[in-house]
Number of protein chains: 2
Amino acid sequence: MQISPAVEDYTKAIYALQERGDGCAVTTNALAERLGVTPASASAMVKKLAGMGLVSHVRYRGVQLTAKGSAIALEVIRHHRLLEAYLSESLGVPWDRVHDEAEVLEHVLSEELEELIADKLGNPTHDPHGDPIPTRDGLMPDEPTVSLQTLATGDCGRFVRISDADPEMLRYLAARGIAPGDGFEVIDKQPFDGPVFARFAGEVHVLGGTLARAMRVEL
Amino acid sequence: MQISPAVEDYTKAIYALQERGDGCAVTTNALAERLGVTPASASAMVKKLAGMGLVSHVRYRGVQLTAKGSAIALEVIRHHRLLEAYLSESLGVPWDRVHDEAEVLEHVLSEELEELIADKLGNPTHDPHGDPIPTRDGLMPDEPTVSLQTLATGDCGRFVRISDADPEMLRYLAARGIAPGDGFEVIDKQPFDGPVFARFAGEVHVLGGTLARAMRVEL
DNA sequence: ATTCAAATTTAGTCACAACGAAATTTGATT
DNA sequence: AATCAAATTTCGTTGTGACTAAATTTGAAT
Ligand SMILES: [Mn+2]
Ligand SMILES: [Mn+2]
Ligand SMILES: [Mn+2]
Ligand SMILES: [Mn+2]
């Protein structure tokens with residue numbers, strides 16, 4: 001069997017959901033929702049992936065990637081993030097738009113081009129959103145981070161990562177000159193999911209609950 | 001109906017065959033051979049293209065692109081050639097390999113990326129093989145050339161263009177340092193499809209029948 | 001005018017990846 | 001233990017683009 005773009009997107013989605021969910025099995029529904037297909041479609045594909053040996057599947061229980069499945073997911077994620085870095089750095093595509101471009105290009109990038117791009121960028125370790133780029137030999141650096149949400153008044157840290165899924169957020173941050181790598185200090189934090197007041201490079205910004213939850217930081 | 005990659009490749013192939021064949025209708029067989037599919041498959045697609053209004057089709061006679069079909073072909077050709085130029089210039093992909101890469105990327109290039117690439121290259125007019133790049137508004141510059149084959153001893157000219165289809169030939173020329181844009185003089189020409197002896201930049205090269213026929217020149 | 005080979009089209013099939021509707025399983029609530 | 005809603009799977013269908021094998025049409029040679 002061939003590794004189609006659909007198979008790549010499914011393994012990638014399973015990988016991402018597995019990360020979020022503490023190594024638990026990924027449910028068919030979660031997969032369907034993430035990919036924007038019906039549960040029936042996801043179920044059919046899950047069966048196929050199991051047949052290809054990319055996931056282990058317990059009926060009615062969910063799937064987990066096998067070593068083979070993980071390898072494919074990491075390969076596609078490497079393509080995706082290298083492309084994001086490349087589009088951003090070499091072509092000046094704004095960081096809220098690189099994701100959608102990479103989503104299709106990732107399936108079509110040859111190994112040769114992957115190499116050339118990686119070389120040209122000097123083998124970058126992170127994409128424009130701060131997501132780590134798997135290595136050539138399929139290793140994903142593990143970088144524990146916490147949500148900015150969880151910090152308290154007085155905490156200091158560095159903003160390192162944010163989901164590339166929501167272009168709105170990315171534009172909002174870009175407009176305020178906040179980017180991964182920036183250091184900050186929490187000036188104030190309201191309870192009950194309230195906003196975070198944080199100082200980045202002298203300026204104090206108000207970061208609402210959803211945004212603060214999406215921003216990953218290290219201390 | 002959607003414009004699928006398959007539809008794009010078919011319109012592109014019809015465009016190319018139409019160019020070669022003096023505006024005559026393109027036969028189903030020629031189309032099938034060019035695309036590496038069976039005549040039955042090409043026939044089915046021709047029917048679909050006619051239904052989409054991209055070609056006019058006379059049964060058992062062949063197809064011709066409509067204005068709408070030409071526009072799509074030219075758009076895809078622009079993508080293809082811009083990508084070839086970009087891969088060659090900005091990423092250093094050797095000119096015998098840019099074609100295969102562009103063949104898949106062309107279907108996935110967004111209009112935004114097309115713009116950025118064109119800008120970055122300074123709106124190039126030709127790809128690495130000397131093929132003209134259609135303009136943003138879908139105009140293909142007409143550049144009459146003759147085959148190097150047809151010249152006679154003593155003729156001078158400039159090598160301007162060669163098909164990107166045969167990587168062997170491209171490597172052969174690259175190895176000898178011959179590239180589109182180079183001037184030359186025909187030193188000797190043997191009859192009966194014999195080789196052409198031509199001097200490029202001081203060096204005399206022997207160019208066999210097939211190669212000499214593929215090389216397009218202007219006087 | 002027949003004949004015939006090549007070109008073209010039709011008919012029937014397959015793989016893929018989606019869908020809605022219906023059946024089944026699960027696990028939580030009573 | 002019975003009930004029930006949510007999750008999951010199965011079933012039947014669709015659309016795309018390929019295939020082989022079998023018609024059909026064409027145009028050239030007899
Ligand atoms: Mn994708
Ligand atoms: Mn990213
Ligand atoms: Mn193509
Ligand atoms: Mn070319």
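Lettering of chains follows the sequences in order, A, B, ..., and the numbering in each one begins at 1. Just the heavy atoms: all of them, side chains too, but no hydrogens, waters or symmetry mates, feed the values below.
Ring centers of A:His79 and A:His107: at least 6.0 Å apart, outside the cut-off.
Atom pair B:Leu49:CG and C:dT9:P shows a separation of 12 Å (rounding to whole Å applied). Per the geometry, CD belonging to B:Glu8 stands 15 Å off C1' belonging to D:dG17, to the nearest Å. Across the protein-nucleic acid pair, A:Asp9 atom CG and C:dC16 atom C1' stand 15 Å apart, rounded to whole Å.
Each of D:dT9, D:dA21, D:dA18 was ranked by its minimum atom distance to the side chain of B:Met45; first place goes to D:dA18. The side chain of B:Ser4 lies closest to D:dG17, out of D:dC19, D:dG17, C:dT24. For A:Pro39, taking side-chain heavy atoms from C-beta onward, the closest of the listed nucleotides C:dA17, D:dT8, C:dT8 is D:dT8. You'll find that the side chain of B:Ser41 is closest to D:dA18, out of D:dT8, D:dA18, C:dA18. When each of C:dA17, D:dG27, D:dC19 is scored by its nearest atom to the side-chain atoms of A:Lys48, the top-ranked nucleotide is C:dA17. Side-chain atoms of A:Val37 lie closest to C:dC19 of the nucleotides C:dG27, C:dC19, D:dT9.
Side-chain contact, B:His99 with B:His129: no donor N or O sits under 3.5 Å from an acceptor N or O.
Comparing A:Ala40 and B:Gln2 against DNA chain D, the residue whose closest nucleotide sits nearer the 5' end is A:Ala40. Where A:Gly36 and B:Ala30 meet DNA chain C, the nucleotide closest to each residue was compared, and B:Ala30 sits on the side nearer the 5' end.
Cation-pi contact between B:Arg176 and B:Tyr172: present, with separation from the ring centre below 6.0 Å and deviation from the ring axis of at most 45°.
For B:Tyr10, no side-chain nitrogen or oxygen approaches OP1 or OP2 of D:dT16 to under 4.0 Å. Contact check, B:Arg61 against D:dG27: a side-chain N or O comes under 4.0 Å of OP1 or OP2. Side-chain nitrogen and oxygen atoms of A:His57 include none within less than 4.0 Å of the OP1 or OP2 phosphate oxygen of D:dT8. Between D:dT10 and A:Arg59, a contact under 4.0 Å exists linking OP1 or OP2 to a side-chain N or O. Here A:Asn29 reaches the OP1 or OP2 of D:dT8: one of its side-chain N or O atoms lies under 4.0 Å away. In this model, the phosphate group of C:dT10 is not approached by any side-chain N or O of B:Tyr60 to a distance below 4.0 Å at OP1 or OP2. In terms of phosphate contacts, A:Thr38 brings no side-chain nitrogen or oxygen within less than 4.0 Å of OP1 or OP2 of C:dA18. Look at B:Lys47 and you won't find any side-chain N or O under 4.0 angstrom from OP1 or OP2 of C:dT8.
Screening A:Val160, A:Leu151, A:Ile178, A:Val196 for a side-chain contact (heavy atoms from CB on, under 4.5 Å) involving A:Met215 leaves a single residue, A:Ile178.
Side chain of B:Thr66 to main chain of B:Gly53: a donor-acceptor pair is present (N/O by atom type, distance under 3.5 Å, no hydrogens or angles).
Between A:Arg161 and A:Glu218 there is no salt bridge, since none of the side-chain N atoms of the basic residue sits less than 4.0 Å from a carboxylate O of the acidic one.
Around the CD atom of B:Glu168, the shell of radius 6.0 Å holds no more than 12 heavy atoms that belong to other residues, nucleotides or ligands.
Residues B:Ser90 and B:Lys120 come closest through the heavy atom pair OG-CE, 4.4 Å.
For the helix from C:dA1-D:dT30 to C:dT30-D:dA1, the rotation axes defined at the first and last 5 base pairs enclose an angle of 30°, given to the nearest 10°.
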